[in-house]
Amino acid sequence: MATPPQSLEQWLQWQLRLHSREIELGLDRVRAVWQRLGAPAPARIVITVGGTNGKGSTVAFLEAILRAGGQRVGAFTSPHLLRYNERVRVQGVDANDATLIAAFDRIEAVRGDTALTYFEFGALAALLIFADSDLDVAILEVGLGGRLDAVNIIDADAAIVTTVELDHQDWLGSDRELIGREKAGIFRRGKPAIVGETEPPQSLLEQAQDIGANLLRAGLDYRFEALANGWRWLAGDITLDLPEPRLEAPCQHANAAAAIAALHALRGRIDWQAQAIGQGIAGATAAARLQRFAGSPELIVDVAHNPQAARVLADWLQANPSRGRTLAVFGALADKDIEGIVDPLRPHIDCWVLAGLDAASARGLAASALRARIGVLVETAADRCHANVAAALAGAIDLARDGDRIVAFGSFLVAAAVMDAVGKRTANTA
């Protein structure tokens, strides 16, 4: 490096240029650099969370429960929404610029000629920051897949796979069985392997059994059920009556149940505190997971970006009808199953407003290309196509009538841009 970056933004831009590919799965490069850094333990206990959907929410439940129980906790998540610093948290506080830059400096000092991706740089920085923070528990969210993801250089004391559905097929495989085997790569011999869905692909179960992991399945080894007021988690002779999660999506009971199952499996090393579990379930938050912004019109932001997530959003919209119309602000990446996202939502959306993402990402679709992809499914007027998310949101607000609501979804880029616009609007009216 001729001139070392000085600011966090300079570091991030440099990392984007360092590797010729945005994504390159594999552990050899990142493990070699980690060994040169001394490979310090990131925490006394590590929990890794993978899966197609539900990872961020499950991390949020784990983090909230553990902190409520007095544990010192770090969490690594991705992608971020508004600030890169969101990716690395210690005791619920985002890492500051100076801490991240110091970690990047240490990585660069030993990297040599090993080309790391943007994600790999961030994962290594998070592990260094955690190792310096005297943590009881580090929670690591898988970025893509599992077996070859950078966080998998760490042997987890417990691992969760929330769901397995079609997404990122170019990297993970064309069907659930292939994807399931990749995601099972985060399991370890003799360690709890929590499967958060009741009908997982057989490959996920076979891989866990082949390596001798302690397989714990939703619906078999633990389960949950609805109550008139709250819900109940059960495993063996353990019964917990719990409050409703603040996170509203129908899938959040399953995510919370998987988090509890991991902590139950680790109860010999982590205090099992029913009160802390209830407190954490009720208090856990995760941005842009059916996040509501009051006003007229009401705004709902969700990171639904694949068919499974779209079905969850559709179920929520059906269970929570609007007084007026529901307007969609929708943008997507070109490699997504756009038809599969749109189809379950068609009965619940009255007006589609399309946002271009081509300026925000090389993988992003322009609004006109998005319109062409979904034109056979929904009728979208040309004047409802906008160059970017901010313009699409403004267009939807102009179209909205009293009692209408706007739902923004389709990509993390959509959620981030909408939340940024909301923040700016709030600041201007304060």
Side-chain angles (χ1 to χ4, degrees), residues 34 37-50 55-78 80 83-104 106-107 122-143 150-160 162 186 188 191-192 194 240 242 245-247 255-256 258-287:
W34 184 236
L37 288 163
R44 285 174 278 281
I45 294 173
V46 174
I47 303 173
T48 298
V49 181
K55 297 188 296 291
S57 299
T58 303
V59 170
F61 285 124
L62 286 167
E63 190 177 12
I65 293 169
L66 288 164
R67 292 190 63 214
Q71 301 294 307
R72 186 168 173 80
V73 184
F76 171 61
T77 60
S78 65
H80 61 277
R83 299 173 66 242
Y84 183 90
N85 311 63
E86 299 165 19
R87 295 178 178 231
V88 184
R89 297 188 299 275
V90 173
Q91 287 295 84
V93 178
D94 295 346
N96 59 38
D97 288 9
T99 300
L100 288 164
I101 290 170
F104 292 153
R106 291 169 64 186
I107 296 165
L124 289 173
L127 295 175
L128 284 176
I129 292 167
F130 292 163
D132 291 341
S133 299
D134 189 29
L135 298 181
D136 296 307
V137 183
I139 308 166
L140 308 179
E141 179 185 343
V142 170
V151 303
N152 204 35
I153 62 172
I154 303 298
D155 291 329
D157 296 278
I160 301 170
T162 54
I186 63 174
R188 293 295 190 270
K191 300 299 176 70
I194 293 85
L240 295 175
L242 298 164
R246 182 184 298 184
L247 294 168
N255 293 333
I260 296 169
L263 299 178
H264 183 255
L266 293 169
R267 65 192 181 279
R269 301 175 62 188
I270 299 175
D271 287 342
W272 177 257
Q273 301 181 37
Q275 182 177 355
I277 293 170
Q279 185 178 339
I281 295 299
T285 60

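Expressed to the nearest 0.5 Å, how far CD of Gln91 lies from CG of Leu135 amounts to 7.5 Å. In this structure, Leu37 CG and Leu128 CG are separated by 5.0 Å, a value rounded to the nearest 0.5 Å. The structure places CG of Leu66 at 5.5 Å from CD1 of Ile139, a figure rounded to the nearest 0.5 Å. Summarising the geometry, atom CD belonging to Gln71 is positioned 12.0 Å from atom CG belonging to Leu62; distances are rounded to the nearest 0.5 Å. Once rounded to the nearest 0.5 Å, the distance linking OH of Tyr84 with CG of Leu100 reads 6.5 Å.
Residues satisfying the side chain to side chain donor-acceptor pair (under 3.5 Å) criterion with Ser57, sequence neighbours excluded, are Gln252. Scored by the side chain to side chain contact (heavy atoms under 4.5 Å, CB included) test, Glu86 finds His80, Leu81, Leu82, Arg83, Asp94 as partners (sequence neighbours excluded). With sequence neighbours left out, Ser78 forms a side chain to side chain donor-acceptor pair (under 3.5 Å) with no residue at all. Take Ala150 and apply the side chain to side chain contact (heavy atoms under 4.5 Å, CB included) test, not counting sequence neighbours, and it matches Val30, Phe119, Glu120, Ala123. Annotation: side chain to side chain donor-acceptor pair (under 3.5 Å) contacts of Asp271 (sequence neighbours excluded): none. In this structure Arg89 satisfies the salt bridge (charged side-chain N to carboxylate O under 4.0 Å, His left out) test together with Glu63, sequence neighbours excluded. Qualifying side chain to side chain contact (heavy atoms under 4.5 Å, CB included) partners for Ala102, counting only residues two or more places apart in sequence or in other chains: none. Every residue meeting the side chain to side chain donor-acceptor pair (under 3.5 Å) condition with Arg269, not counting sequence neighbours, appears here in chain and number order: Asp157. Taking the salt bridge (charged side-chain N to carboxylate O under 4.0 Å, His left out) definition, one finds that Arg188 meets it with Asp155, sequence neighbours left out. Judged as a side chain to side chain contact (heavy atoms under 4.5 Å, CB included), and not counting sequence neighbours, the contacts of Ala68 are Ala276, Gln279.
Counting heavy atoms from C-beta outward, Phe76 and Ile129 have side chains that stay 4.5 Å or more apart. Under the 4.5 Å side-chain criterion, counting only non-hydrogen atoms from C-beta, Ile277 is in contact with Trp272. In this structure, the side chains of Val142 and Asn152 stay at 4.5 Å or more apart for every pair of heavy atoms. Two residues are said to be in side-chain contact when any heavy atoms from C-beta on lie closer than 4.5 Å; Val88 and Phe130 meet this criterion. In this structure, Arg72 and Val90 have side chains that are in contact, with non-hydrogen atoms separated by less than 4.5 Å. You'll find the side chain of Leu263 reaches within 4.5 Å of the side chain of Ile47, heavy atoms only. Using a 4.5 Å heavy-atom cutoff, the side chains of Ile260 and Leu242 are in contact. With a 4.5 Å cut-off on side-chain heavy atoms, Leu124 and Ile153 count as touching.
Without hydrogens or angle criteria, Thr48 side chain to Ile160 main chain gives no donor-acceptor distance under 3.5 Å.
Pairs of residues two or more places apart, or lying in two chains, that qualify as side chain to side chain donor-acceptor pair (under 3.5 Å) and include a residue from residues 132-142 are Arg44-Asp134, Arg44-Asp136, Arg106-Asp132.
Closest non-hydrogen pair, His264 versus Arg267, comes out as O-NH1, 2.6 Å. Across Val59 and Ala75, no two heavy atoms sit closer than the pair CG1-CB, 4.1 Å. When every heavy atom of Asn85 is checked against every heavy atom of Ala95, the shortest pair comes out as ND2-O, 2.8 Å. Of all heavy-atom pairs between Ala60 and Ala284, the closest is O-CB, 3.7 Å.
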